[in-house]
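Read through the structure below, which is laid out as structure tokens, and then see the notes.
None of these values were measured; they are calculated from a predicted model.
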Amino acid sequence: MGNSALKAHLETAQKTGVFQLTGKGLTEFPEDLQKLTSNLRTIDLSNNKIELLPPLIGKFSFLKSLVLNNNKLTALPEELCKLKKLETLHLNGNHLRQLPAAFGQLSALKTLNLSGNQLRTVPTQLCGLRHLDVVDLSKNQIQNVPDSVGELQAIELNLNQNQISQISVQISHCPRLKVLRLEENCLELSMLPQSILSDSQISLLAVEGNLFEIKKLRELEGYDKYMERFTATKKKFA
């Protein structure tokens, strides 16, 4: 892409606070964006070939939304964690194996999409995020859900299409968790904590495509309680 095209995009971004450059085969984060560190509220560089996010990302202190779906990122810089106003982070379809240690400092984060990466566990850093609403960890390589998940503040947790065979009973203690998606994993019915049904806030549990028949779920203790929550929620949205 020519410099004049980039310049035009930069000028528009300066006025609108939005820099969007998708599907242009970019191999690196445009350095020129640092001229707009105080203007930009949204950066969308999806469907490119970016392998590295430079440390200068930490300078975009007013950034609310960062979208980097379908790039070639293998890691994220610690500097990303300085973005105190960041509410939305979309990183679907990259090659991420873990999150920076300081990720819990992204205190404004509401939506986190990490579908289609190479995560092997639910990152413990997510448990410090108080405003998190939706976490999408589908299509990773997660095998178990650890005890720390009990502190997760999210309302919706999507773990579809992983390799999960074990789930900590602590997931029932998530204070705001209403929607838990576990479709197409490796769960035996005996490995599904019954407290999810009998003693949690979860009102939508999606478990199709595991190692048991869905109708067997109805035989578990606590299923009636779960159905009460499910029905009450349905009525609310009807």
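- For the pair T231/E228, no side-chain contact is recorded, criterion being any heavy-atom separation below 4.5 Å from C-beta on.
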Yes or no on side chain to side chain contact (heavy atoms under 4.5 Å, CB included) for F62 and L40, after CA distance, side-chain angles and deciding distance? CA-CA 7 Å; F62 297 97; L40 290 184; over 6 Å; no
Quick one, T124 with S148, criterion side-chain hydrogen bond (donor to acceptor under 3.5 Å, both in side chains). Give me CA distance, side-chain angles, the key distance, then yes/no. CA-CA 6 Å; T124 50; S148 59; 5.5 Å; no
Trace of the side chain to side chain contact (heavy atoms under 4.5 Å, CB included) decision for L36 with L10: CA-CA 8 Å; L36 300 177; L10 287 169; 3.8 Å; yes
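- The backbone N or O of L205 lies less than 3.5 Å from a partner atom in the side chain of Y226, making a donor-acceptor pair.
- When all heavy atoms of L112 and L114 are compared, the pair lying nearest together is CD2-CD1, 3.8 Å.
- Residues Q153 and H131 have side chains not in contact (no heavy-atom distance under 4.5 Å, counting atoms from C-beta outward).
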For residues 181-195, dump all side-chain donor-acceptor pairs below 3.5 Å to protein atoms at least two apart in sequence or in another chain.
residue: R181; atom: NE; partner: E156; partner atom: OE2; Å: 3.0
residue: E184; atom: OE1; partner: Q161; partner atom: NE2; Å: 3.3
residue: N185; atom: OD1; partner: N162; partner atom: N; Å: 3.1
residue: N185; atom: OD1; partner: Q163; partner atom: N; Å: 3.3
residue: N185; atom: OD1; partner: I164; partner atom: N; Å: 3.0
residue: N185; atom: ND2; partner: L159; partner atom: O; Å: 2.9
residue: N185; atom: ND2; partner: L182; partner atom: O; Å: 3.2
residue: N185; atom: ND2; partner: E183; partner atom: O; Å: 3.3
residue: S195; atom: OG; partner: S172; partner atom: OG; Å: 2.5

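- Hydrophobic clustering (side-chain heavy atoms under 4.5 Å, transitive across Ile, Leu, Val, Met, Phe, Trp, Tyr) keeps I155 apart from L109.
- For the residue pair S46 / N70, no side-chain donor-acceptor distance below 3.5 Å is found, with atom types taken as modelled.
- Shown are T12, D44, T42; of these, the side chain to side chain donor-acceptor pair (under 3.5 Å) with Q20 is made only by D44.
- Without hydrogens or angle criteria, N69 side chain to N92 main chain gives a donor-acceptor distance under 3.5 Å.
- Residue K110 qualifies as open at atom NZ: its count of foreign heavy atoms under 6.0 Å is 12 or below.
- Surrounding NZ of K84 are more than 12 heavy atoms belonging to other residues, nucleotides or ligands, all under 6.0 Å away.
- In this structure, E221 places its CD atom where only 12 or fewer heavy-atom neighbours from other residues, nucleotides or ligands lie under 6.0 Å away.
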V67 vs I43, side chain to side chain contact (heavy atoms under 4.5 Å, CB included): CA-CA, chis, key distance, verdict: CA-CA 6 Å; V67 186; I43 296 176; over 6 Å; no
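- Contact between L126 and F103 at its shortest, heavy atoms only, is CD2-CE2, 3.8 Å.
- Not a single donor-acceptor pair under 3.5 Å links the side chain of N210 to the backbone N or O of F212.
- Judged purely by atom type and a 3.5 angstrom limit, N140 uses its side chain to pair as donor or acceptor with the backbone of L119.
- Summarising the local packing, CD of Q141 is surrounded by more than 12 heavy atoms from other residues, nucleotides or ligands at distances under 6.0 Å.
- Here the closest heavy-atom approach between residue L129 and residue Q125 is recorded as CG-O, 4.2 Å.
- Remark: the backbone N or O of G17 is not paired with any side-chain donor or acceptor of N39 at under 3.5 angstrom.
- The closest donor-acceptor contact from the side chain of N144 to the backbone of Q166 lies at 3.5 Å or more, if one exists at all.
- Of all non-hydrogen atoms in L152 and P175, the two that sit nearest each other are O-CD, 3.5 Å.
- Atom NZ of residue K234 and atom CE of residue M227 lie 8.0 Å apart, to the nearest 0.5 angstrom.
- Residues T37 and S61 have side chains not in contact (no heavy-atom distance under 4.5 Å, counting atoms from C-beta outward).
- Across all their heavy atoms, L99 and L76 have their closest contact at CD2-CD1, 4.1 Å.
- For the pair L45 and N71, the tightest heavy-atom approach, listed with the atom from each and the gap, is O-ND2, 2.9 Å.
- Within a 6.0 Å sphere centred on CD of Q118, other residues, nucleotides and ligands contribute more than 12 heavy atoms.
- No single ILVMFWY cluster, assembled from side-chain heavy atoms under 4.5 Å apart, contains both L86 and V134.
- With hydrogens and angles disregarded, a donor-acceptor distance shorter than 3.5 Å links the side chain of R229 to the backbone of S200.
- In this model, a donor atom of one side chain and an acceptor atom of the other lie less than 3.5 Å apart for H90 and N113.
- The backbone N or O of P123 lies less than 3.5 Å from no partner atom in the side chain of T121, so there is not a single donor-acceptor pair.
- Taking a cutoff of 4.0 Å between a charged side-chain nitrogen and a carboxylate oxygen, R176 and D133 qualify as a salt bridge.
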